[in-house]
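Source: prediction; values computed, not measured.
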Amino acid sequence: MEHMAQLGGIVTGFHVEEHYIDCMCGKNLVKIDKYSKEIVCHKPFFEKEGLSRKLTADDEQIFVYDFCTLYVLGQKNYELIGKWQLGNDLSSDICGMAVDSNTIYCSIRNGKIIAIDRRSYLVQEFIVSDSSMWSIKAYDSYLVCGTVDGKVLLLDKSALSIEKELVLGKKNIGSLYMDGETLYAASHDGKLFKIKMKNFEIESSMKNVHKKMFDCAGIYEDMLITISHPCSEIAFWNRNTLEKIKIIDMPLKLSGQTHIENNFMYISSRNISGIDRIKLNEL
């Protein structure tokens, strides 16, 4: 395992692009050169430290949600572009986020989605589900959402109405990973699902993937990688059949984030100060 930067604290969210890694650590936003490992931008941004913030980004902007507040920042120097208070308390906090070229989508506790136009900043509110949605992905002209009550919803972006739904169980669908026309979904009951988006049907599934909650980290070669921070393990699965290939023990803790790029997995966790990088072809 290779340490990418000494940040003196837990990284609560990060985004890897071609040359840089943008991350949140404590009260700060930090930009790391991926090759030299130098910190090229460091900006105190948050009033308090927090472990529940999430971050995503594209080539132009960075999107952060913190409890009920959404921030949009410039990619280069973290200048604040916009700030929205989308809720007031634990009944209306932000649970998940997805972004496309036109819109920012925030899922709000108890089944609501707020859509913000990235040009006009018009804010629209839609009631979608009776259940909260902690995992949300953009897919073509749709949103795909995993619900706390065990469903995967296919939403039309234009109306944010449910076109199709799949019942995968009764537990939270806490992690989604989109690979072309294939969706991988992780349930908190330890099940892994492979869903074909063309007909929105379950192609295959696997039980007892990890003993505790896990995430679909991504694709490496012909394998799907899952990671369970509470179990301190990384698992490799045949991406077509979901047959188990191997499990690697890795000291991790509670929760974190991963990103797979070429032969590398970038990883943060509650026991890692900063971000580590693992060479997948050496595991």
Side-chain angles (χ1 to χ4, degrees), residues 3-17 20-33 37-99 103-110 112-118 120-125 132-136 174 215 229 252-259 266-276:
H3 200 56
M4 294 301 295
Q6 286 289 351
L7 299 180
I10 299 166
V11 167
T12 53
F14 68 90
H15 174 78
V16 181
E17 57 165 329
Y20 300 104
I21 305 170
D22 296 293
C23 61
M24 300 181 294
C25 182
K27 301 178 183 179
N28 305 309
L29 291 168
V30 183
K31 189 184 293 288
I32 304 165
D33 187 297
K37 302 182 184 178
E38 294 180 356
I39 295 173
V40 295
C41 184
H42 181 282
K43 183 173 183 177
F45 186 79
F46 302 102
E47 292 182 4
K48 300 178 181 179
E49 295 191 7
L51 295 174
S52 61
R53 300 178 183 123
K54 301 295 181 183
L55 176 151
T56 189
D58 62 13
D59 293 339
E60 298 179 359
Q61 295 176 332
I62 293 173
F63 311 89
V64 175
Y65 70 82
D66 181 11
F67 191 44
C68 295
T69 306
L70 170 69
Y71 302 90
V72 179
L73 304 99
Q75 175 70 257
K76 187 175 181 181
N77 296 313
Y78 302 147
E79 69 276 14
L80 182 63
I81 295 171
K83 176 183 176 181
W84 293 266
Q85 188 81 16
L86 301 183
N88 301 299
D89 52 34
L90 276 174
S91 69
S92 57
D93 58 324
I94 304 169
C95 299
M97 176 170 56
V99 178
T103 310
I104 309 163
Y105 304 93
C106 292
S107 60
I108 307 298
R109 192 182 295 268
N110 299 324
K112 187 164 61 176
I113 289 182
I114 293 178
I116 302 174
D117 187 282
R118 293 182 62 179
S120 67
Y121 297 114
L122 174 68
V123 178
Q124 293 181 286
E125 199 172 286
S132 300
M133 296 167 283
W134 291 89
S135 48
I136 174 172
D215 296 319
H229 291 261
L252 302 169
K253 188 177 180 181
L254 294 178
S255 64
Q257 184 180 337
T258 53
H259 174 81
Y266 296 84
I267 184 167
S268 66
S269 192
R270 294 286 183 93
N271 64 321
I272 296 173
S273 179
I275 298 174
D276 284 349

> List, one per line, each side-chain donor-acceptor pair under 3.5 Å for residues 56-66, sequence neighbours excluded.
{"unit_1": "Asp58", "atom_1": "OD1", "unit_2": "Glu60", "atom_2": "N", "d": "3.0"}
{"unit_1": "Asp58", "atom_1": "OD1", "unit_2": "Gln61", "atom_2": "N", "d": "2.8"}
{"unit_1": "Asp58", "atom_1": "OD2", "unit_2": "Arg118", "atom_2": "NH1", "d": "2.8"}
{"unit_1": "Asp58", "atom_1": "OD2", "unit_2": "Arg118", "atom_2": "NH2", "d": "2.8"}
{"unit_1": "Gln61", "atom_1": "OE1", "unit_2": "Arg118", "atom_2": "NE", "d": "3.4"}
{"unit_1": "Gln61", "atom_1": "OE1", "unit_2": "Arg118", "atom_2": "NH2", "d": "2.9"}
{"unit_1": "Tyr65", "atom_1": "OH", "unit_2": "Cys95", "atom_2": "O", "d": "2.9"}
{"unit_1": "Asp66", "atom_1": "OD2", "unit_2": "Arg53", "atom_2": "NE", "d": "2.9"}

> Under the side-chain contact (heavy atoms from CB on, under 4.5 Å) criterion, do Asp93 and Leu86 qualify, and how do the steps go?
CA-CA 7 Å; Asp93 58 324; Leu86 301 183; over 6 Å; no

> Show your reasoning for whether side-chain contact (heavy atoms from CB on, under 4.5 Å) applies to Ile116 and Thr103.
CA-CA 6 Å; Ile116 302 174; Thr103 310; 5.7 Å; no

> Can you see which heavy atom on Lys54 is nearest to which on Met24, and at what distance?
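What the structure gives for the nearest pair is C-CE, 3.7 Å.
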
> Got a sec, which residues hit salt bridge (Lys or Arg N to Asp or Glu O under 4.0 Å) with Glu125, two or more places apart in sequence or on another chain?
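By the salt bridge (Lys or Arg N to Asp or Glu O under 4.0 Å) rule, Glu125 matches Lys112.
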
> Who pairs with Tyr78 by side-chain hydrogen bond (donor to acceptor under 3.5 Å, both in side chains), at least two apart in sequence or on another chain?
Asp22

> With side-chain contact (heavy atoms from CB on, under 4.5 Å) as the criterion, how do Glu79 and Leu73 come out once you've worked through the C-alpha distance, each side chain's angles and the decisive distance to 0.1 Å?
CA-CA 5 Å; Glu79 69 276 14; Leu73 304 99; over 6 Å; no

> How far apart are the closest heavy atoms of Leu55 and His15, and which atoms are they?
CD2-CB, 3.6 Å

> As an exercise, state the distance from CG of Asn77 to CG of Leu29, rounded to the nearest 0.5 Å.
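Here the rounded value is 12.0 Å.
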
> Is any side-chain heavy atom of Ile113 less than 4.5 Å from a side-chain heavy atom of Met133?
yes

> Of all residues at least two apart in sequence or in a different chain, which pass the side-chain contact (heavy atoms from CB on, under 4.5 Å) check with Asp89?
Ser91, Ser92

> Let me see the working for Phe67 and Leu90 under side-chain contact (heavy atoms from CB on, under 4.5 Å), right down to the final yes or no.
CA-CA 8 Å; Phe67 191 44; Leu90 276 174; 3.8 Å; yes

> Could you tell me whether Glu47 atom CD has more than 12 heavy atoms of other residues or ligands within 6.0 Å of it?
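Not buried by this count: 12 neighbours or fewer within 6.0 Å.
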
> Return the set of residues passing side-chain hydrogen bond (donor to acceptor under 3.5 Å, both in side chains) with Asn110 (not counting sequence neighbours), or none when no residue passes.
none

> For Val11 and Cys23, which heavy atoms make the closest approach, and how far apart are they?
CG1-CB, 3.8 Å

> Could I get the full list of side-chain contact (heavy atoms from CB on, under 4.5 Å) partners for Lys37, not counting sequence neighbours?
Glu2, Met4

> Applying side-chain contact (heavy atoms from CB on, under 4.5 Å), name anything that partners Asp33, two or more places apart in sequence or on another chain.
His19, Tyr20, Tyr35, Ser36, Val40

> Going by the angle between their ring planes, with limits at 30° and 60°, are Tyr266 and His259 parallel, tilted or perpendicular?
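Taking His259 first and then Tyr266, their aromatic rings sit tilted (interplane angle of 30° to 60°).
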
> Do Val123 and Ile114 have side chains that get closer than 4.5 Å, going by heavy atoms?
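In short, these two side chains touch, coming nearer than 4.5 Å.
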
> Quick one: does any side-chain atom of Ser269 pair with a main-chain N or O of Lys253 as donor and acceptor, under 3.5 Å?
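Present.
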
> Kindly compute the distance separating CD1 (Ile136) from OG (Ser107), expressed to the nearest 0.5 Å.
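One finds 5.0 Å between CD1 of Ile136 and OG of Ser107.
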
> Taking side-chain hydrogen bond (donor to acceptor under 3.5 Å, both in side chains) as the definition, give me every residue that meets it alongside Gln75, ordered by chain and number, with sequence neighbours left out.
Lys31

> I'd like to check the ring pair (Phe, Tyr, Trp, His ring centres under 6.0 Å) partners of Tyr121; sequence neighbours left out, ordered by chain and number.
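Ring pair (Phe, Tyr, Trp, His ring centres under 6.0 Å) check on Tyr121 returns Trp84.
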
> Is it the case that over 12 heavy atoms from other parts of the model lie below 6.0 angstrom from the NZ atom of Lys83?
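Incorrect, the count does not exceed 12.
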
> Please answer whether the main-chain N or O of Gln257 pairs with a side-chain N or O of Ser268 as donor and acceptor at a distance below 3.5 Å.
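Indeed, once roles are kept as given, a pair shorter than 3.5 Å links the two residues.
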
> Side chains of Ile21 and Ile275: closer than 4.5 Å at any heavy-atom pair?
yes

> Check ring pair (Phe, Tyr, Trp, His ring centres under 6.0 Å) between Trp134 and all other residues, then give those that pass, not counting sequence neighbours.
none

> Please name all residues satisfying side-chain contact (heavy atoms from CB on, under 4.5 Å) with Asp276, sequence neighbours left out, ordered by chain then number.
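By the side-chain contact (heavy atoms from CB on, under 4.5 Å) rule, Asp276 matches Met1, His3, Ile267, Ile272.
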
> Could you tell me whether a side-chain N or O of Ser120 sits under 3.5 Å from a main-chain N or O of Leu122, the two making a donor and an acceptor?
yes

> Of all the heavy-atom pairs spanning Ile94 and Cys106, show the shortest one and how long it is.
CG2-CB, 4.0 Å

> Of the non-hydrogen atoms in Gly50 and Thr12, which two are nearest, and what is the gap between them?
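The pair with the smallest heavy-atom distance is O-CG2, 3.4 Å.
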
> Is the side chain of Ser273 donor-acceptor paired with the backbone N or O of Gly9 at a distance under 3.5 Å, no angle test?
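Checking the backbone N and O of Gly9 against the side chain of Ser273, a donor-acceptor pair under 3.5 Å is found.
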
> Taking side-chain hydrogen bond (donor to acceptor under 3.5 Å, both in side chains) as the definition, give me every residue that meets it alongside Gln85, ordered by chain and number, with sequence neighbours left out.
Thr69

> With a 4.5 Å heavy-atom cut-off, do Leu51 and Arg270 have their side chains touching?
yes

> Which pair of non-hydrogen atoms, one from Phe46 and one from Gly26, has the smallest distance, and what is that distance?
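Reported closest heavy-atom pair: CD1-O, 4.2 Å.
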
